[in-house]
Amino acid sequence: TQLQVVDRMKTDFLNAISHELRTPLAPILGYTEILLGGGLGPLPNGATRGVQAIADSGKRLLNLIESLLAFIRLDQGAMALKREPTDVAGLLAAVTESFQARAKERKLAVTVHAPEGLPAVSADPQELTMALNHLLDNATKFTPAGGAVSVSARQAAGADGQSGVEIAVQDTGIGIPADQQEKVFERFYQADSSLTRQYGGVGIGLAVVKQTIEAHGSHVTVESEPGKGSTFRFVLPLAKP
Ligand SMILES: Nc1ncnc2c1ncn2[C@@H]1O[C@H](COP(=O)(O)OP(=O)(O)OP(=O)(O)O)[C@@H](O)[C@H]1O
Ligand SMILES: [Mg+2]
């Protein structure tokens with residue numbers, strides 16, 4: 001119908017501008033990192049603060065654009081997965097590695113625990129990576145300095161009783177009050193708007209996680225206690241041998 005055509009155009013347009021917005025940020029972030037790392041020689045007096053401000057704002061802008069892209073994909077409805085036998089330990093190691101710089105900056109310990117010989121799961125590695133990125137983004141954002149974030153995997157039974165691999169992202173952060181634990185998976189919901197403004201973000205991460213895990217035929221749950229921390233978990237089915 002005509003409405004669908006307009007909708008399609010809207011999505012294509014938003015997708016295009018999101019990509020156009022992201023491209024110029026790569027050199028901005030890349031060069032600020034090189035400058036701050038001393039790769040182009042020592043910065044003149046007083047320049048460090050300015051370059052740091054450019055880097056911080058650039059990162060914020062990138063996060064917003066990522067959220068916009070995530071929202072568009074969420075809005076497109078059913079996610080088309082490209083499932084393949086996926087090595088969980090390797091994937092967790094890679095995702096966690098990409099958070100180490102931020103962890104150091106925020107004085108957090110981020111660790112991975114996956115036993116040897118964990119069987120492969122049937123998953124879309126790209127979508128799974130993005131979902132884990134959202135969970136780690138939250139865990140490192142809502143955990144004060146000195147805290148710990150751990151990502152772990154173990155063999156466990158799924159909801160259907162079939163054997164699978166459980167993945168858990170646990171933090172020692174601020175936690176989520178019981179009456180809000182369901183709601184945080186809704187898009188744009190943030191547990192405490194005054195508090196979350198301090199933390200940034202638009203409230204899309206967990207909606208993406210939920211959609212992704214449900215597309216895999218599974219379910220994501222949260223256990224949390226305010227002031228103690230939160231654990232997000234889900235079980236993925238084993239890949240057919
Ligand atoms: N690990 C966590 N610890 C404490 N609160 C959390 C945690 N993860 C999510 N929340 C709460 O759930 C809300 C929704 O999370 P979600 O990831 O969807 O949005 P966001 O992180 O605020 O923004 P975005 O992900 O779009 O950057 C958060 O604003 C926060 O209140
Ligand atoms: Mg988030």
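Atoms within each ligand, like the ligands themselves, are counted from 1 in listed order.
Residues Lys141 and Arg102 meet the side-chain proximity criterion, which asks for heavy atoms closer than 4.5 Å. Residues Ser152 and Thr111 have side chains not in contact (no heavy-atom distance under 4.5 Å, counting atoms from C-beta outward). In this structure, the side chains of Lys59 and Leu25 stay at 4.5 Å or more apart for every pair of heavy atoms. Looking only at side-chain heavy atoms (C-beta outward), Leu132 and Leu91 come within less than 4.5 Å of each other.
Remark: ligand 1 and Asp171 share an N or O pair separated by less than 3.5 Å (distance only, no angle test). Polar contact check, Ala191 against ligand 1: a nitrogen or oxygen pair lies under 3.5 Å apart.
Of the listed options Asn138, Val208, Ile204, Asn138 places a heavy atom closest to atom 8 (N) of ligand 1.
Those atoms of ligand 1 that come under 4.0 Å of a heavy atom in Val202, given as number and element, are 23 (O), 24 (P), 26 (O), 27 (O). Every atom of ligand 1 with a heavy atom of Gly203 under 4.0 Å away is listed here by number and element: 18 (O), 19 (O), 20 (P), 22 (O), 23 (O), 24 (P), 26 (O). The atoms of ligand 1 that sit less than 4.0 Å from any heavy atom of Gly201 are 23 (O), 24 (P), 27 (O). Ligand-side atoms of ligand 1 in range of Tyr189: 13 (C), 14 (C), range being under 4.0 angstrom from any heavy atom. Residue Gly205 has at least one heavy-atom neighbour below 4.0 Å for each of these atoms of ligand 1: 16 (P), 17 (O), 18 (O), 24 (P), 25 (O), 26 (O).
Salt bridge annotation for Lys82-Glu127: absent, with no cationic side-chain nitrogen under 4.0 angstrom from a carboxylate oxygen. Under the 4.0 Å criterion applied to side-chain N and carboxylate O atoms, Glu66 and Arg22 are assigned as salt-bridge partners.
Proximity of Leu135 to ligand 1, defined as any heavy-atom pair under 4.0 Å, is not found for any part of the residue. At a heavy-atom cutoff of 4.0 Å, ligand 1 is contacted by both the backbone and the side chain of Leu206. Residue Phe185 does not touch ligand 1, judged by heavy-atom distances below 4.0 Å.
Open room surrounds CD on Glu33; 12 or fewer heavy atoms of other groups in view lie less than 6.0 Å from it. In this structure, Tyr189 places its OH atom where more than 12 heavy-atom neighbours from other residues, nucleotides or ligands lie under 6.0 Å away.
Using a 4.0 Å cutoff on heavy atoms, Lys141 counts as a contact of ligand 1. Using a 4.0 Å cutoff on heavy atoms, Ser230 counts as a contact of ligand 1.
Phe188 and Phe71 have tilted rings, their planes meeting at an angle from 30° to 60° on a 0 to 90° scale.
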